[in-house]
Amino acid sequence: MASSRPVAAGDQVFLVDGSSFIFRAYFQSMNQDSKYNTRISDGMPTGAVRLFVTKLLQFIRDGAAGLKPTHLAIVLDKSEGSFRKELYEDYKGHRPDPPSDLIVQMPLMREAIRAFGLDPIELERYEADDLIATYTQEAKARGANVLIISSDKDLMQLVGPLVCFYDFESGAKGKPGYRAERNLDEAAVTEKWEGLPPEKIGDLLALMGDSSDNVPGVPGIGLKTAAQLIKEFGDLETLLARADEIKQPKRRETLIANADMARLSKKLVTLDCEAPLPVPLDALPVPDLDAKSLIAFLKAMEFNTITRRVADLYEVDLAAIEPDPRLMPGGASIRWERLGATDTAAEGSSPAAPVSGEAGPNGFVGTPSQLAAQRATHASSQGFDTASYETIMDIEVLKSWVAQAREQGYVALDTATSALDPNLADLVGIALALKPGRAGYVPLQHRGDSDLFGGGMLPGQIPLADALAVLKPLLEDPSVLKIGQDIKYDWVILCRHGIEVRPFDDTMLISYVLDAGKGPHGMDELARRHLGHSPMTWAEVAGTGKGKVSFERVELDKATAYAAEDADVTLRLWQVLKPRLPAEGRATVYETLERPLVDVIGRMEMRGISVDRQILSRLSGDFAQSLARLEDEIQEIAGEKFNLGSPKQIGDILFGKMGLPGAKKTPSGQWATPATLLDELAQAGHLLPEKILEWRQLSKLKSTYTDSLQQHMHPQSKRVHTSYALASTTTGRLSSSEPNLQNIPIRTEAGRKIRRAFVAPEGSKIISADYSQIELRILAHIADIPQLQEAFAQGIDIHAATASAMFGVALDQMNPDLRRQAKTINFGIIYGISAFGLAQRLSIPHGEAATFIKQYFERFPGIRAYMDDIKKMTRENGYVTTLFGRVCHYPQIKSGNPNERAGVERQAINAPIQGTAADIIRRAMARMEGALKAERLSAKMLLQVHDELVFEAPDDEIAATLPVIARVMTDAPFPAVALKVPLGVDARAAQNWDEAH
DNA sequence: CCTATCACG
DNA sequence: GACGTACGTGATAGGA
């Protein structure tokens, strides 16, 4: 930088602590959508650079804290050999290396600074703090104002009449731990440090230490004590000299014993104001921004939005500026290669478990020619061009598409339907894609929009039956792979037309296996992530609000553009994703835990479960009566009418009007009225909360279950058909919706009445089979806890056994309360326990809960080791795996927010346990049909509730069926995994679900 | 559309 | 020393 302008009184010098600035940018980037964090064309991490540049541009143009800089320095730390390290070996010694994806961005940060016409300022042996201190002194001496921009509290020492401190934004808006930017003057700094002025901060830090830099300080002395001592004695030296005057004996002794440590700490935290400056202060004027060099940089980084903004701001022609060639993908100044694929197969080369009794059509993986075709077409994939999509109205043309699909051995497909529920929807058309960009749509049941003709079928479409007759051989051809996105939907639709699609691949499930935890697996999201393309949205096709039409009314060209594109996108996604399965060692997970479930669950959804409408409507009536009665009573007690469904109004009455204790606000500032709190109030003898609780319970049961379930009964089958999502959880569990049949009440008597409405038809029974304590068994295996393994092996009550080990009470002397506490602790461990949470749940003091946890860890040391291993693995790899090799990614582990990180750690601790249980029941489901068929049993699987399977079976087969089901479930882990604990399964049959459970 | 609450494992 | 506090879901109602 050539320019120079002397700093004088009234000037404004900005001194930016570049390292902390960059770290903040990095951690903030980890909180944002990951699609902003890598350069599209080569995957290089650039998220931190993007935020850094954005913020720097803002500083230069708009200033900060209402001030605009005349001079600006971005000061960095040289990586090695600070003089402090020579003083104290452990200085910053415990700091982990910066994350690797930040390290690769550091050279780009320096490039970014230069692109703004600035020079990064750094000096061997000195830290950024010392250079900032020295610049500050010099600027003060000239009478200029200084703004120090940093998050490092050491630098607050420099604040004074001319010098302010500016701590920029941290965390993400709306998330816990968010801090807005703030500007600290001398008064604010004094307030922050317990009333002591900035020049005393060094003494304070010398006493209290600084954990972030590993400055030792004096043990047992924190901010409060340090401040009190300095106030009393004036400064550190005086304090140490007169330490024998301190009244508290313990404190006196530690201070005397650690006086040298305090003096050393003082040296470490004291800033060197006489560092040799690599660039003189006068050489730091804010340069005139050279938009061309900045844009060349931004273009190379592919920051399109910022690039356009800069071009607008500085009125330059974007097209005239080339991206900086040194920084472009593969450029001379870039050290970045895509990370190589690693094989992390859990089951290794051992043969996968046979998945269904027979080899099955879905043993298909892809012939060599298919895979070759896949690679070849991928290399030549072209852009999305709606114009080249074909509307297929001629059966001969359809036949030629079918022939080509058979020829190449694979085809992507997407069915277009009239509704979202595959059990209700009509087939409206089918889209096929053969190659990227080559896709067609076969309209089958589109209707005209003219009401005059009753919206009859549009002319010219291939008759449904004719088209299906041509398609069926293709869709059932074992040598042609059918590729779909969420293909269970298409499978069910086509199954209802007598076509059993096989074999198939599902891009959604492939994505789920590879990237669970990285984001949703819907087509739009995957297209954006992997193809950089946003497909046409449903709203664009069907419209919104009043003008919304169902797909059968969409014009054919629009329908073609939409449906053919979906098939095209699906094919391209398959080309990107499928090769990653073997490359990343996840093929076995996909083949044993995902693909086999598609048709198994498809059949469960089609079967539905029989529900007795009479029982439900009678219950609805009963609940309505009780609710009305309660409403009256509550109004009587409260003395006014109000909406019982509104927590806000309940809070106003209980805490505002009646002044009951325990009032708390939710994060959004409303009254919090959770059941636990109302229950406490009820226990204390208050009638109103008790009545409200009762009202809430019944109201929930009525609206969510007895009313809603009736709405969900299928008009023809008269049964309830849920929909299972195979790829919606991070851990591998299924989820159920519309209606959710995985949360049917069971814990209360009123709730259980609802379960009784789930019945078996005349002549058959409901069978419920559930794993007993499966997650605790998995914990006992994974964390390798001999006592728990032993207890399971002997069939001892596991919570009692835990209580016995922890509290030293013999099993035959066990009291129910100790057992209950042990049970809570057992679950707490699975979920990543905290003393606070345990204390709250057991209503015991915090300290007591902490002791329990400590005891648990001492009795079962494997738990500690397991938790530490998981945390380490998550930090190092960003993911954890189940026993069967399913991956759960936790990118948020790198969050800058310690609370959020702790939350992610708890998730990561739970995931292998919950996920392994999910894998096991998936394996059981995949094998169940084959096993029943082999025994000539006609039981049908209807529902899955995480650790439970529900069946319907003829009365005369029950006795033979129960042991088969139990055996398949018990043996599900074999042969892939040999658990060190037996799995227990309880299976029972009855006329309804409540009695079977 | 978001928040609070509550049903399940 | 503060901060927030057990994991995974989906449905409903109120309120902006």
Side-chain angles (χ1 to χ4, degrees), chain A residues 171 174 176-179 194 208-209 211 221-227 643-651 665-678 692-693 696-697 699-705 707-709 711-712 722-725 728-748 750-751 754-755 770-771 773-775 824-841 846 849 853 888 897-915 917-918 921 944-948 997:
Chain A
Y178 172 74
R179 284 212 317 264
E194 301 287 320
M208 59 191 272
S211 58
I221 294 192
L223 173 60
K224 304 265 175 184
T225 315
N643 188 343
L644 278 159
S646 163
K648 182 178 181 295
Q649 296 181 31
I650 288 182
K665 296 283 181 82
T666 66
S668 65
Q670 304 185 45
W671 293 114
T673 64
T676 48
L677 175 60
L678 297 189
I692 292 174
L693 275 174
R696 272 200 187 157
Q697 196 203 8
S699 154
K700 176 87 174 182
L701 295 179
K702 182 170 186 291
S703 67
T704 311
Y705 301 104
D707 289 353
S708 162
L709 276 173
Q711 308 260 310
H712 278 102
T722 183
S723 166
Y724 286 104
S728 76
T729 70
T730 334
T731 54
R733 273 193 177 179
L734 307 181
S735 76
S736 154
S737 62
E738 288 180 287
N740 182 353
L741 295 186
Q742 291 181 319
N743 70 348
I744 300 303
I746 191 169
R747 293 174 188 169
T748 64
I754 293 166
R755 239 168 223 248
D770 67 320
Y771 286 108
Q773 307 292 359
I774 189 168
E775 293 196 351
T824 307
I825 297 168
N826 274 334
F827 280 105
I829 294 292
I830 290 177
Y831 299 147
I833 200 155
S834 77
F836 180 95
L838 185 64
Q840 201 161 31
R841 261 152 246 264
H846 189 148
I853 294 171
C888 317
N897 179 337
N899 285 331
E900 193 181 357
R901 233 168 26 232
V904 173
E905 282 175 357
R906 289 194 298 272
Q907 294 168 17
I909 285 169
N910 175 253
I913 304 170
Q914 188 183 110
I921 198 164
Q944 189 251 39
V945 193
H946 310 307
D947 65 353
E948 175 189 10
H997 196 279

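Computed from a predicted structure; not experimentally measured.
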Task: Donor-acceptor under 3.5 Å (T729(A) side chain, G732(A) main chain) - done: yes

Open item on the list: Taking 4.0 Å as the cut-off, does a side-chain nitrogen or oxygen of S708(A) come that near to OP1 or OP2 on dT12(C)?
Closed with: yes

Open item on the list: With a cut-off of less than 4.0 Å, is there a side-chain N or O of T731(A) near OP1 or OP2 of dT9(C)?
Closed with: no

Open item on the list: Any side-chain to backbone donor/acceptor pair from T704(A) onto K700(A)? Under 3.5 Å, distance only.
Closed with: yes

- [ ] Look at all strands and tell whether E948(A) reaches a base, only sugar-phosphate, or nothing, counting heavy atoms closer than 4.0 Å.
- [x] nothing

Open item on the list: Looking at R906(A) and Y831(A), would you say the former's side chain and the latter's main chain have a donor-acceptor pair under 3.5 Å?
Closed with: no

TODO: Give T722(A) one of three labels, base, sugar-phosphate or nothing, depending on what nucleic acid heavy atoms sit under 4.0 Å from its own.
DONE: nothing

Task: Touch class at under 4.0 angstrom, heavy-atom based, for S699(A) against every strand present - done: nothing

Open item on the list: Within the 4.0 Å heavy-atom criterion, would you say S834(A) contacts the bases, only the backbone, or no part of the nucleic acid?
Closed with: base

TODO: Classify the nucleic acid contact of A675(A) as base, sugar-phosphate or nothing, counting any heavy atom under 4.0 Å across all strands shown.
DONE: sugar-phosphate

Open item on the list: For a quick check, tell me whether the side chain of R906(A) and the base of dG8(C) share a donor-acceptor pair closer than 3.5 Å.
Closed with: no

TODO: Give I744(A) one of three labels, base, sugar-phosphate or nothing, depending on what nucleic acid heavy atoms sit under 4.0 Å from its own.
DONE: sugar-phosphate

Open item on the list: What contact category does R696(A) fall into here, base, sugar-phosphate, or nothing, at under 4.0 angstrom with non-hydrogen atoms?
Closed with: sugar-phosphate

- [ ] Describe the nucleic acid contact of L734(A) in one word from base, sugar-phosphate, nothing, applying a heavy-atom distance below 4.0 Å.
- [x] nothing

TODO: With heavy atoms under 4.0 Å as the rule, sort Q697(A) into base, sugar-phosphate or nothing.
DONE: sugar-phosphate

Open item on the list: Which nucleotide wins on minimum distance to the side chain of P745(A), given the candidates dT5(B), dC8(B), dC3(C)?
Closed with: dC8(B)

Task: Side-chain N or O of R733(A) closer than 4.0 Å to phosphate OP1/OP2 of dG9(B) - done: no

Task: Selected nucleotide, minimal atom distance to K700(A) side chain, candidates dA4(B), dT5(B), dC7(C) - done: dT5(B)

Open item on the list: From the set dG10(C), dA13(C), dG14(C), return the single nucleotide nearest to any side-chain atom of S646(A).
Closed with: dG14(C)

Open item on the list: Closest-nucleotide mapping onto DNA chain C: is E738(A) or Q907(A) further toward the 5' terminus? I mean the 5' end.
Closed with: Q907(A)

Task: Rounded distance [0.5 Å steps], CD in E775(A) versus CD1 in I913(A) - done: 7.0 Å

TODO: Kindly point out which of dT3(B), dA11(C), dG4(C) is positioned nearest to the side chain of S668(A)?
DONE: dT3(B)

Open item on the list: Does A672(A) reach a base, just sugar-phosphate, or nothing at all? Heavy atoms under 4.0 Å.
Closed with: sugar-phosphate

Open item on the list: Looking at dG15(C), I'd like to know if its phosphate oxygens (OP1 or OP2) sit under 4.0 Å from a side-chain N or O belonging to Q649(A).
Closed with: yes

Open item on the list: If I compare all heavy atoms of I853(A) with all of S834(A), which pair ends up nearest, and what's the gap?
Closed with: CD1-C, 3.8 Å

Open item on the list: Using OP1 and OP2 only, check whether a side-chain N or O of T729(A) sits under 4.0 Å from dT9(C).
Closed with: no

- [ ] Name the pairing partner of dC3(C), where a pair is Watson-Crick or G-U wobble with both distances under 3.5 Å, or state none.
- [x] none

- [ ] Could you state the atom-to-atom distance from CG of N897(A) to P of dC3(C) in whole Å?
- [x] 13 Å

Open item on the list: Any strand counts, and the cut-off is 3.5 Å on both contacts for Watson-Crick or G-U wobble. Which nucleotide pairs with dG10(C)?
Closed with: dC6(B)

- [ ] Look at all strands and tell whether G645(A) reaches a base, only sugar-phosphate, or nothing, counting heavy atoms closer than 4.0 Å.
- [x] sugar-phosphate

Open item on the list: Pick the closest DNA chain C nucleotide for K224(A) and for N743(A) by heavy atoms, then say which residue is nearer the 5' end.
Closed with: K224(A)

TODO: Check for a donor-acceptor pair, side chain of Q649(A) on one end and backbone N or O of L644(A) on the other, with a separation under 3.5 Å.
DONE: no

- [ ] For the side chain of K648(A), starting at C-beta, report the closest nucleotide among dT3(B), dG9(B), dA16(C).
- [x] dA16(C)

- [ ] Examine distances only and state if a side-chain atom of S736(A) and a backbone atom of L741(A) form a donor-acceptor pair shorter than 3.5 Å.
- [x] yes

Task: Residue-phosphate contact under 4.0 Å: T730(A) side-chain N/O, dG8(C) OP1/OP2 - done: no

- [ ] Just compare dT12(C), dA4(B), dG4(C) and give me whichever is closest to any side-chain atom of N899(A).
- [x] dG4(C)

Open item on the list: Could you tell me how far dA7(B) sits from dC3(C) if I compare only their C1' atoms? Round to whole Å.
Closed with: 30 Å

TODO: Using a heavy-atom cut-off of under 4.0 Å over every strand shown, decide if N643(A) touches base, sugar-phosphate, or nothing.
DONE: sugar-phosphate

Task: Distance, C1' atom - from dC6(B) to dG4(C), rounded to whole angstrom - done: 22 Å

- [ ] Test for a donor-acceptor pair under 3.5 Å between the base of dT9(C) and the side chain of S735(A), counting only N and O atoms.
- [x] no

Open item on the list: Measuring from the side chain of N910(A) (C-beta onward, heavy atoms only), which nucleotide among dT5(C), dA13(C), dG8(C) has the closest atom?
Closed with: dG8(C)

